[in-house]
Amino acid sequence: MHAIDVALVGGTGLYHFPGLEAVERHAVDTPYGPPSDALVIGQLGERRIAFLARHGESHTIPPHRVNYRANIWALHHLGARRVIGINAVGGIRADMGPRALVLPDQIIDYTHDRLTSYCDVAGAEVRHIDFSEPYSARLRAELMGAAAAAGIPLLDGGCYGATQGPRLETRAEIARLRRDGCDLVGMTGMPEAALARELELDYACIAVVANWAAGCGEEAEISLPEIFANLEAATAQVPPLITALPARAD
Ligand code: HPA
């Protein structure tokens, strides 16, 4: 059996990876409890891909209740070494409007009361990971290359502000995030990225812009049907992007 070349954690709007063949489903148990759903493993051409729906395949788990520790542990346990989180976000920066795909390079974490570390277990060794660059530079470069090869527009860099949810933010909260330097806002980017770093996985996030964040667009309110239409259109670019990602030899 080939090793898993890349694992995807699908967010809102991406519950299955189309085109996978010889699909197996693995219900993995972990020391941290069950992952959001079964891990789906299949072939994409020559490569083995793992897929996990972050909110469950029927989207029943809100962002603050996702068992991030179990999800990342399970992917690592099955042998994944590079992991890509697909995260729906609101756009704050002027060039990051609905339907844009962005590869952020920084994070500010505003979440609270989430289990954020594998150290958070009695008796576990306490480790302080370096998180100056929260995403893998190597995987980000590979994704930028794949986007160029496939002709898919992917914005390189941006600061992801991770909020608690599940409600969307107030205009004042978004104004504060903008002042802080956030370009995007989403509810699921953390602690996933930090947990991946703790397990020494190569991790990157593809942020899919669903809407203008509160107060950033023309509309007085954010429309949910528009969010879903934008996500459907933008997320359709993710499978071809992953297909264009070269396999790793090492
Ligand atoms: N805020 C936070 N998370 C989101 C948004 C938003 O506006 N849109 C999609 N996910």
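When a ligand or atom number is given, it counts from 1 through the structure's own listing order. Values below: every heavy atom of this structure, side chains too, minus hydrogens, waters and symmetry copies.
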ask   = Of all the non-hydrogen atoms in the protein, which one sits nearest to atom 5 (C) of ligand 1, and at what distance?
value = Gly90 N, 3.4 Å

ask   = At a 4.0 Å threshold, what atoms of ligand 1 neighbour a non-hydrogen atom of Gly186?
value = 2 (C), 3 (N)

task = Please step through ring-ring contact (aromatic ring centres under 6.0 Å, His included) for the pair Tyr32 and Tyr68, ending with a clear verdict.
result = CA-CA 9 Å; Tyr32 307 94; Tyr68 295 95; over 10 Å; no

query = What protein heavy atom sits nearest atom 10 (N) of ligand 1, and how far off is it?
reply = Ala88 O, 3.4 Å

task = Describe, in one word, how the ring planes of Tyr15 and His59 are oriented to each other, choosing from parallel (under 30°), tilted (30 to 60°) and perpendicular (over 60°).
result = perpendicular

ask   = Is it true that Arg167 and Glu173 have a side-chain N and a carboxylate O under 4.0 angstrom from each other?
value = yes

ask   = Looking at ligand 1, does any of its N/O atoms fall within less than 3.5 Å of an N/O of Glu169?
value = yes

note = ligand 1 atoms nearer than 4.0 angstrom to some heavy atom of Val89 are 5 (C), 8 (N), 9 (C), 10 (N)

key: Asn211 N/O under 3.5 Å from ligand 1 N/O   = yes

query = Do Asp202 and Tyr135 have a side chain donor and acceptor closer than 3.5 Å?
reply = no

message = Does either side chain, that of Glu169 or that of Thr163, offer a donor lying less than 3.5 Å from an acceptor on the other one?
response = yes

ask   = Distance only, no hydrogens: is a donor on one side chain within 3.5 Å (strictly under) of an acceptor on the other, for Arg114 and Gln164?
value = yes

query = Just which atoms of ligand 1 are under 4.0 Å from any heavy atom in Leu168?
reply = 1 (N), 5 (C), 6 (C), 7 (O)

